[in-house]
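Please read the structure below before turning to the comments.
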Number of protein chains: 2
Amino acid sequence: MPASETDNLAADIEAACTHNPNVSCGDCRLSGICLPLALGSSDIDHLDNIIQRGRPLQRHAHLFREGDEFKAVYAVRSGTLKAYRVTDSGNEQITGFYLPGEILGLDGIADGVHHSSAYALETAAICEIPFEALEELGRELPQLQRNFLRVMSREISEDQQLITLLGKNSATERIVALLLSLSSRNARRQLSATRFRLPMSRSDIGNYLGLTVETVSRTLTRLQRDQLLRIDNREVELLAAPELTAMLN
Amino acid sequence: MPASETDNLAADIEAACTHNPNVSCGDCRLSGICLPLALGSSDIDHLDNIIQRGRPLQRHAHLFREGDEFKAVYAVRSGTLKAYRVTDSGNEQITGFYLPGEILGLDGIADGVHHSSAYALETAAICEIPFEALEELGRELPQLQRNFLRVMSREISEDQQLITLLGKNSATERIVALLLSLSSRNARRQLSATRFRLPMSRSDIGNYLGLTVETVSRTLTRLQRDQLLRIDNREVELLAAPELTAMLN
DNA sequence: CGCCTGTTTGACTCGCGTCAATGAAAGTGG
DNA sequence: CCACTTTCATTGACGCGAGTCAAACAGGCG
């Protein structure tokens with residue numbers, strides 16, 4: 001077994017158990033970073049009762065599409081999704097990647113219609129949180145209401161971070177920023193911050209960061225040549241996190 | 001009096017009356033597009049009671065700064081503000097312009113700290129909406145709670161629009177998109193969609209769109225040469241809105 | 001008026017996109 | 001299980017759009 005597979009054992013185990021549709025919020029290992037954050041256990045039970053956990057979303061399947069009626073927001077339990085919009089001229093712009101513990105579908109609340117599509121990059125388990133029920137429950141559980149507003153606010157803040165990245169940073173800086181973002185989101189889930197598997201293709205990375213595939217590839221090659229990281233296909237190892245972080249300053 | 005001043009008479013009158021700190025939500029001509037949207041009149045009165053209306057914010061003054069404790073969100077009554085962040089390397093990235101009827105400060109909810117600064121491009125009247133009180137009132141008035149979620153969701157959606165613009169569009173397309181956005185936001189406030197005054201400098205436009213001042217200036221000159229618009233300093237007239245719209249497709 | 005900031009225009013440069021070709025990996029069907 | 005196809009990734013040569021540097025010109029404000 002190659003080294004890279006061993007390294008992802010932890011991730012595989014996590015995937016295996018969070019794929020399980022019968023895990024409730026109270027038992028979910030992501031409850032510390034997801035919507036239930038800081039809820040008491042009886043409140044969590046209430047939240048649990050409104051959440052729908054269907055069978056896993058197949059890889060390459062859509063969770064919802066731009067234009068679909070908005071009925072629920074979704075928490076990722078395992079796997080990775082990308083959210084994207086199609087521009088007037090027909091090409092795709094990825095607006096975010098969603099990892100376990102993160103919530104998507106928030107742009108549909110405004111007018112009851114999803115403004116982006118969500119697509120599974122790998123098989124994913126999803127908690128569906130019907131919006132009407134969430135609103136009602138939020139009225140009874142102020143902490144839940146507050147958490148939900150925080151989740152939305154964080155999404156705004158992160159989108160603005162991306163705007164800044166796209167507006168001001170070079171190709172290299174954008175790519176480093178994405179790698180560090182993935183790294184810290186992994187760390188938050190108790191996974192390795194230095195070695196992980198990219199859930200998305202080079203072309204998705206380029207699309208997200210406003211770059212071409214070729215630029216992404218060349219940049220990664222150069223970062224590797226400069227000993228800042230090692231990358232083999234989708235397996236990344238950050239060799240010099242401090243130096244990488246410094247590149248963004 | 002030059003033609004451009006006459007044209008802005010309507011805007012001046014609006015500014016004059018919405019600057020008045022004593023106008024309540026029920027009387028405000030922006031209530032149809034602002035937070036009170038679709039509230040009954042008694043509910044509006046409740047909302048009114050929590051809103052603070054101080055004296056106007058002076059041009060070039062800050063409403064809040066990045067790092068300030070988050071205590072309230074703000075509705076613009078008159079004037080224009082820009083929101084911006086300072087990057088690690090010390091330069092500014094504008095994340096949005098806020099016109100009358102629009103709400104800012106939403107990125108502070110997540111962790112109680114503002115992640116952007118807000119700065120008045122021209123003298124502005126502001127409604128301050130203390131967040132705790134809004135949360136409490138929201139629990140009693142589901143429609144208000146819903147409106148607030150919608151406002152946040154719209155902010156997300158618009159930020160993603162900007163991400164797409166920055167990721168996929170040329171300098172010309174970005175500039176045209178901004179002009180059309182300002183145009184439609186003016187129309188929403190019953191002002192002219194074809195003739196208006198830019199509230200921001202060329203350098204702010206460039207900053208917002210990820211371009212340099214020179215590129216903004218050259219692009220506007222070219223659009224004028226091509227008879228798509230007329231621009232004299234900050235006074236714009238869109239001569240061919242359909243063609244401009246078509247440029248984004 | 002004179003300063004200071006904002007705007008325009010020109011000449012030059014360069015990072016990233018485009019086009020093209022090859023190679024590696026993953027998915028598909030017999 | 002292997003051949004075939006398709007998708008994904010890498011690398012090179014070249015060109016262009018937008019950035020940089022520089023200078024002149026408003027225009028607003030004290």
Side-chain angles (χ1 to χ4, degrees), chain A residues 2 4-5 58-61 82 89 91-94 119-123 165-176 179 197-226 229-236 247, chain B residues 2 4-5 8 58-60 82 89 91-94 119 121-123 165-178 197-226 229-236 247:
Chain A
S4 58
E5 285 187 30
Q58 286 306 311
R59 182 172 187 214
H60 298 164
K82 70 174 178 186
S89 42
N91 29 26
E92 161 181 334
Q93 169 70 47
I94 296 174
Y119 173 95
L121 294 174
E122 43 196 2
T123 305
L165 200 63
L166 295 178
K168 292 275 172 302
N169 293 91
S170 68
T172 307
E173 290 164 340
R174 295 183 205 186
I175 288 171
V176 167
L179 292 173
R197 184 182 172 77
L198 296 176
M200 72 293 280
S201 68
R202 302 287 190 272
S203 119
D204 281 340
I205 293 176
N207 184 303
Y208 177 65
L209 297 174
L211 303 169
T212 58
V213 198
E214 294 93 326
T215 300
V216 174
S217 181
R218 274 188 261 267
T219 304
L220 289 173
T221 304
R222 186 156 25 79
L223 288 170
Q224 176 158 241
R225 176 172 54 66
D226 296 349
L229 52 79
R230 281 198 304 124
I231 186 161
D232 175 28
N233 206 358
R234 295 194 175 184
E235 296 294 335
V236 194
M247 292 178 66
Chain B
S4 58
E5 285 188 31
N8 278 306
Q58 287 306 310
R59 185 175 183 210
H60 297 166
K82 70 174 179 186
S89 40
N91 28 27
E92 160 181 333
Q93 168 70 45
I94 296 175
Y119 174 95
L121 295 173
E122 44 198 2
T123 305
L165 200 64
L166 295 179
K168 292 274 173 301
N169 294 91
S170 68
T172 308
E173 290 164 340
R174 295 183 205 186
I175 288 170
V176 168
L178 175 61
R197 183 181 171 78
L198 295 176
M200 73 293 281
S201 68
R202 302 286 190 273
S203 118
D204 281 341
I205 293 177
N207 184 304
Y208 177 64
L209 297 174
L211 303 169
T212 58
V213 198
E214 293 94 325
T215 299
V216 173
S217 180
R218 275 189 260 267
T219 303
L220 289 173
T221 304
R222 185 155 26 78
L223 289 170
Q224 177 158 242
R225 177 172 56 65
D226 296 349
L229 52 79
R230 282 198 303 122
I231 186 161
D232 175 28
N233 207 357
R234 295 193 176 186
E235 296 294 334
V236 194
M247 292 177 66

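Keep in mind that what you see is a predicted model, and the values were worked out from it rather than measured. We use all heavy atoms of the structure for the numbers below, so side chains are in, but hydrogens, waters and symmetry mates are not. Below, chain A is the first sequence line, B the second, and so on; all start at residue 1.
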message: Strictly distance-based, threshold 3.5 Å: is any side-chain N or O of Gln58(B) a donor or acceptor partner for the main-chain N or O of Thr123(B)?
response: no
field: Comparing Arg234(B) and Arg174(A) on DNA chain C - which has the more 5′ nearest nucleotide
entry: Arg234(B)
query: Which whole-number value in Å describes the distance from Ile175(B) CD1 to dT7(C) C1'?
result: 13 Å
task: Write down the distance between CD (Glu214(A)) and C1' (dA20(C)), rounded to a whole number of angstrom.
output: 10 Å
- prompt: How is Ser217(B) classified with respect to the nucleic acid when contacts are heavy atoms under 4.0 Å: base, sugar-phosphate, or nothing?
  reply: base
message: Mind checking if Gly206(B) touches a base, just sugar-phosphate, or nothing, with heavy atoms under 4.0 Å?
response: nothing
statement: Comparing Val216(A) with Ser170(B), nearest DNA chain D nucleotide closer to 5' gives the residue Val216(A)
message: Taking Thr212(B)'s backbone N and O only, do any of them form a donor-acceptor pair with Arg202(B)'s side chain (distance below 3.5 Å, no angle check)?
response: no
task: Flag the pair Glu235(B) and Arg197(B) as a salt bridge only when some basic side-chain nitrogen lies within less than 4.0 angstrom of an acidic carboxylate oxygen.
output: yes
- prompt: Who pairs with Asp226(B) by side chain to side chain contact (heavy atoms under 4.5 Å, CB included), at least two apart in sequence or on another chain?
  reply: Arg222(B), Leu228(B)
message: Distance check needed: dC16(C) P versus Lys168(B) NZ, whole Å only.
response: 15 Å
- prompt: Rounded to whole angstrom units, what separation is found between the CG atom of Asn233(A) and the P atom of dA26(C)?
  reply: 6 Å
task: Quick one: label Leu220(A) by what it contacts on the DNA or RNA (base, sugar-phosphate, nothing), any heavy atom closer than 4.0 Å.
output: nothing
- line: chain A reaches DNA chain D, atoms under 4.0 Å from its heavy atoms, from dA9(D) to dA13(D)
For Arg230(A), side chain to side chain contact (heavy atoms under 4.5 Å, CB included) partners two or more places apart: Arg195(A), Gln224(A), Glu237(A), Leu239(A)
- request: Determine: side-chain N/O of Arg202(A) to OP1/OP2 of dA24(C), distance under 4.0 Å, yes or no.
  value: no
Sidechain-backbone polar pair: Glu173(B) side chain, Ser170(B) backbone, donor-acceptor under 3.5 Å: yes
field: No-H, no-angle donor-acceptor pair, Arg225(B) side chain to dT8(C) base, under 3.5 Å
entry: no
field: DNA chain D: 5'-proximal contact among Asn169(B) and Arg59(B) (nearest heavy atom)
entry: Asn169(B)
query: Within the distance-only criterion (no hydrogens, no angle test), does the side chain of Ser217(B) pair as donor or acceptor with the backbone N or O of Val213(B) below 3.5 angstrom?
result: no
Length of the line joining Arg218(B):CZ and dA11(C):C1', which is rounded to integer Å: 9 Å
